[in-house]
Amino acid sequence: MDNKIISDMFAEIASMLSLDERPTARFEVRAYQKAALTIGSMQEGVDDIYRKGGKAALMELPGIGKGIAGSIEEYITTGHMEKYEYLKKMYPIDMKGLTSIQGLGARKAVALYKALGVKDIPTLKKALASHKIGKLEGFGEKSEEMIHKGLDLLQRSSGRMLLGDALPVAEAIVQRLKDSGLVDRALVAGSARRMRETVGDLDILAISEKAPKVMELFTKMPEVESLIAEGPTRSAVRLKIGLNCDLRVIPEDGFSAAVQYFTGSKDHNVQVRTISVRKGYKLNEYGLFNKKGKIIPTKSEEELYAKLGMQWMPPEMREARGEVKLAQESALKMPVELGDIKGDMHTHGRDSDPSTDPLEKMADAAMTSGLKYFASTNHTKSLKVENGMNEKQFELFFKKVDALNKRLYGKIRILKGAEVDILKDGSLDLDQKCLKSMDWVVGSVHSAFNQPEEEMTKRIVKAIDSGFIDVLGHPTGREMPSRDAYRLDLDKVCEAAERNRVAMEINAQPKRLDLNDTNIISASKYKIKFAIDSDAHRTPHFAYMRYGVGTARRGWLTKDRIVNAMGLKEISKYLEMD
DNA sequence: GCCGTTTTCGGCCCGACTGTTTTCAGTCG
């Protein structure tokens with residue numbers, strides 16, 4: 001898989017081309033940036049695409065034309081890329097490393113190289129230590145300090161943060177602004193609103209007549225570590241949690257346009273703005289304007305999109321994956337919502353296990369979350385670190401479940417289940433009699449992650465074909481940020497799931513979100529259902545459901561594809577069909 | 001360098017903020 005290497009090369013080419021004075025160069029820069037983004041975010045390897053369909057197949061990818069496809073072909077076949085090497089000779093510096101420092105761009109990086117021989121992070125550190133940077137032309141004390149701070153920051157943080165860590169902080173800041181009485185409205189925009197699995201920064205928007213006071217409140221919040229910028233319409237701070245946060249204060253008549261603009265994504269916005277131009281409008285973050293430059297007031301995003309001849313789209317879908325065209329044709333189906341969720345098909349909890357809450361507490365929490373049923377699915381004996389249970393223990397445990405169900409009848413129903421380990425050879429970690437006694441079985445891989453793709457695929461397909469599992473738990477096994485997905489042929493797994501009526505899980509734990517959005521899109525081609533599960537080990541974890549639903553929405557799943565969007569009667573019928 | 005209901009040429013987003021300027025360049029989003 002060469003995607004990351006090639007994507008990085010294109011990103012570096014873009015940086016180096018940004019130094020080019022030719023007027024057309026800046027468009028080339030954008031072309032290479034876009035290509036880098038496309039390739040960097042793809043699931044399939046460019047080398048596979050090239051092997052299957054040659055240069056023509058590469059040119060099917062968005063932002064990849066004849067020239068860039070040629071460069072990819074050249075790299076795959078020869079291991080070299082002439083354009084990259086030519087530019088690299090002109091600028092023999094670690095452009096990617098240096099420009100990843102906040103406040104240091106390509107031009108300043110080259111200026112540092114020419115004046116002080118800075119070519120990478122270590123030589124930059126030396127230059128900083130000698131205090132020569134502030135004396136250079138075009139630099140000053142403040143730029144030196146900014147580079148210093150930027151470097152510190154880079155070394156302390158890897159950049160993006162889990163949505164589950166970032167979103168609650170953003171929502172707390174919004175609440176603080178609202179509680180102050182200084183703002184009329186405030187909301188979280190950006191990638192957090194789109195429920196991306198990780199976010200690089202937070203964007204908050206507010207309507208207020210008292211911008212200076214709002215900015216003062218914002219920049220002096222206890223969450224703030226340091227001030228990056230403060231102005232009348234925009235301020236930016238570094239938060240103690242290690243994330244930058246922007247606040248924009250906007251007048252009321254431009255709010256819906258600002259919300260649309262700052263929710264993005266970038267590519268989605270480019271498409272929407274192109275449509276607005278065709279309709280004779282101009283759309284920017286300040287509003288929708290007619291040809292004479294007069295603002296066309298819009299009260300909501302719905303109204304704004306309607307003016308452009310489009311359906312409103314949920315933020316999670318605004319990733320330029322075809323939603324714009326469908327919205328123009330009014331053919332967009334609205335995805336599942338948190339309110340549609342009636343149950344949870346993967347939870348843990350028992351009295352004897354100190355790493356979880358007891359079943360009664362879990363049932364209480366499930367009721368508080370508004371659920372009508374949930375499956376209690378404890379780990380099985382092989383998973384010793386999680387206190388996995390054996391057949392006898394399940395038998396005893398289920399008697400407790402029966403008793404509790406009797407007591408809670410009419411309020412909530414607990415389904416008897418297990419998260420059974422799919423062992424290395426694809427067999428299951430409990431005997432058939434025990435598995436048959438259950439309402440719902442989650443099958444999951446928790447060991448031997450390093451098997452080759454073919455072996456792992458066979459292992460999982462064998463488990464699905466056993467006929468004993470109802471859902472494949474966290475199907476790719478990734479855990480952000482440290483554990484990558486195991487190698488797996490998802491198509492073969494989905495085919496097996498389809499013929500066995502096995503669902504695919506969307507595990508809602510913030511570090512998992514597995515399947516992820518792009519895998520969901522691939523998997524949804526098959527006639528299978530999905531289960532959005534909190535995988536709660538303790539009562540607060542039921543709240544993870546929103547991240548799973550957000551991920552399902554990013555994968556365009558409608559309510560009818562979700563197992564646990566069924567009511568209790570419906571799901572009981574579904575379970576009897578086994 | 002990419003792309004196409006503006007279709008094989010001629011567009012491609014541009015404003016806010018900062019710092020080092022003395023009217024603007026660099027960076028960011």
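Bear in mind that the values here come from a model prediction, so they are computed numbers and not experimental data. Chain naming here is simple, since letters A, B, ... match the order of the sequence lines and numbering starts at 1 in each.
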Between N or O atoms, less than 3.5 Å apart, protein on one side and nucleotides 27-29 of chain B on the other: list the pairs.
| from | atom 1 | to | atom 2 | distance (Å) |
| --- | --- | --- | --- | --- |
| dT27(B) | OP1 | Gly105(A) | N | 2.6 |
| dT27(B) | OP1 | Gly105(A) | O | 3.2 |
| dT27(B) | OP1 | Lys108(A) | N | 3.1 |
| dT27(B) | OP2 | Arg107(A) | N | 3.4 |
| dT27(B) | O5' | Gly105(A) | N | 3.4 |
| dC28(B) | OP1 | Gly103(A) | N | 2.8 |

(request) Could you tell me the separation between the CG atom of Asp267(A) and the C1' atom of dC2(B), rounded to a whole number of Å? (result) 13 Å
(message) Expressed as a whole number of angstroms, how long is the span from Tyr84(A):OH to dG1(B):C1'?
(response) 19 Å
(request) Report the C-alpha distance between Lys83(A) and Glu28(A) in whole Å, list the side-chain angles of each, state the deciding distance to 0.1 Å, and finish with yes or no for salt bridge (charged side-chain N to carboxylate O under 4.0 Å, His left out). (result) CA-CA 13 Å; Lys83(A) 176 136 191 158; Glu28(A) 263 182 72; 3.3 Å; yes
(request) Using the six-membered ring of Tyr281(A), assess whether NZ or CZ of Lys307(A) lies under 6.0 Å from its centre and within 45 degrees of the ring axis. (result) no
Under 3.5 Å, N/O pairs linking protein and nucleotides 19-21 of chain B:
| from | atom 1 | to | atom 2 | distance (Å) |
| --- | --- | --- | --- | --- |
| dT20(B) | OP1 | Gly140(A) | N | 2.7 |
| dT20(B) | OP1 | Gly140(A) | O | 3.2 |
| dT20(B) | OP1 | Glu141(A) | N | 3.4 |
| dT20(B) | OP1 | Lys142(A) | N | 3.4 |
| dT20(B) | OP1 | Ser143(A) | N | 3.2 |
| dT20(B) | OP1 | Ser143(A) | OG | 2.8 |

(message) Without decimals, in angstroms, what is the distance between Gln271(A) CD and dC3(B) P?
(response) 12 Å
(request) For Arg193(A), check salt bridge (charged side-chain N to carboxylate O under 4.0 Å, His left out) against everything at least two apart and list the hits. (result) Glu301(A)
(request) Identify which nucleotide among dA16(B), dG1(B), dC13(B) has an atom closest to any side-chain atom of Arg273(A), counting heavy atoms from C-beta outward. (result) dC13(B)
(request) Look at all strands and tell whether Leu17(A) reaches a base, only sugar-phosphate, or nothing, counting heavy atoms closer than 4.0 Å. (result) nothing
(request) Give the ring-plane orientation class for Phe10(A) versus Tyr32(A), where under 30° counts as parallel, over 60° as perpendicular and anything between as tilted. (result) tilted
(request) Specify the separation, in whole Å, of atom CZ of Arg26(A) and atom P of dC13(B). (result) 8 Å
(message) What's the gap between dC13(B) and dG29(B) when it is taken at their C1' atoms, as a whole Å value?
(response) 11 Å
(request) Output the single nucleotide from dG15(B), dT6(B), dG1(B) whose closest atom is nearest the side chain of Arg278(A). (result) dT6(B)
(request) Under the salt bridge (charged side-chain N to carboxylate O under 4.0 Å, His left out) rule, what do Glu12(A) and Lys96(A) come out as? Steps first, then yes or no, please. (result) CA-CA 6 Å; Glu12(A) 247 189 302; Lys96(A) 184 177 147 57; over 6 Å; no
Detail all sub-3.5 Å separations between protein N/O atoms and N/O atoms belonging to nucleotides 10-12 of chain B.
| from | atom 1 | to | atom 2 | distance (Å) |
| --- | --- | --- | --- | --- |
| dC12(B) | O3' | Arg30(A) | NH1 | 3.1 |

(message) Whole angstroms only, please: what is the CD1-C1' distance between Ile275(A) and dC13(B)?
(response) 16 Å
(request) Report the base-pairing partner of dG15(B) (Watson-Crick or G-U wobble, both distances below 3.5 angstrom), or none. (result) dC28(B)
(request) Enumerate the residue pairs fulfilling salt bridge (charged side-chain N to carboxylate O under 4.0 Å, His left out) with a member in residues 126-148 of chain A, sequence neighbours excluded, ordered by first and then second residue. (result) none
(request) Could you work out the separation of dG26(B) and dT21(B) based on their P atoms and round it to a whole Å? (result) 12 Å
(message) Taking ring-ring contact (aromatic ring centres under 6.0 Å, His included) as the definition, give me every residue that meets it alongside Tyr544(A), ordered by chain and number, with sequence neighbours left out.
(response) His541(A)
(message) Assess whether a salt bridge exists between Glu197(A) and Arg478(A), defined as any Lys/Arg side-chain N lying under 4.0 Å from an Asp/Glu carboxylate O.
(response) yes
(request) Describe the nucleic acid contact of Lys325(A) in one word from base, sugar-phosphate, nothing, applying a heavy-atom distance below 4.0 Å. (result) nothing
(request) Write down the distance between CG (Leu58(A)) and C1' (dC2(B)), rounded to a whole number of angstrom. (result) 15 Å
(request) Pick base, sugar-phosphate or nothing for Lys34(A), based on heavy-atom distances below 4.0 Å to the nucleic acid. (result) nothing
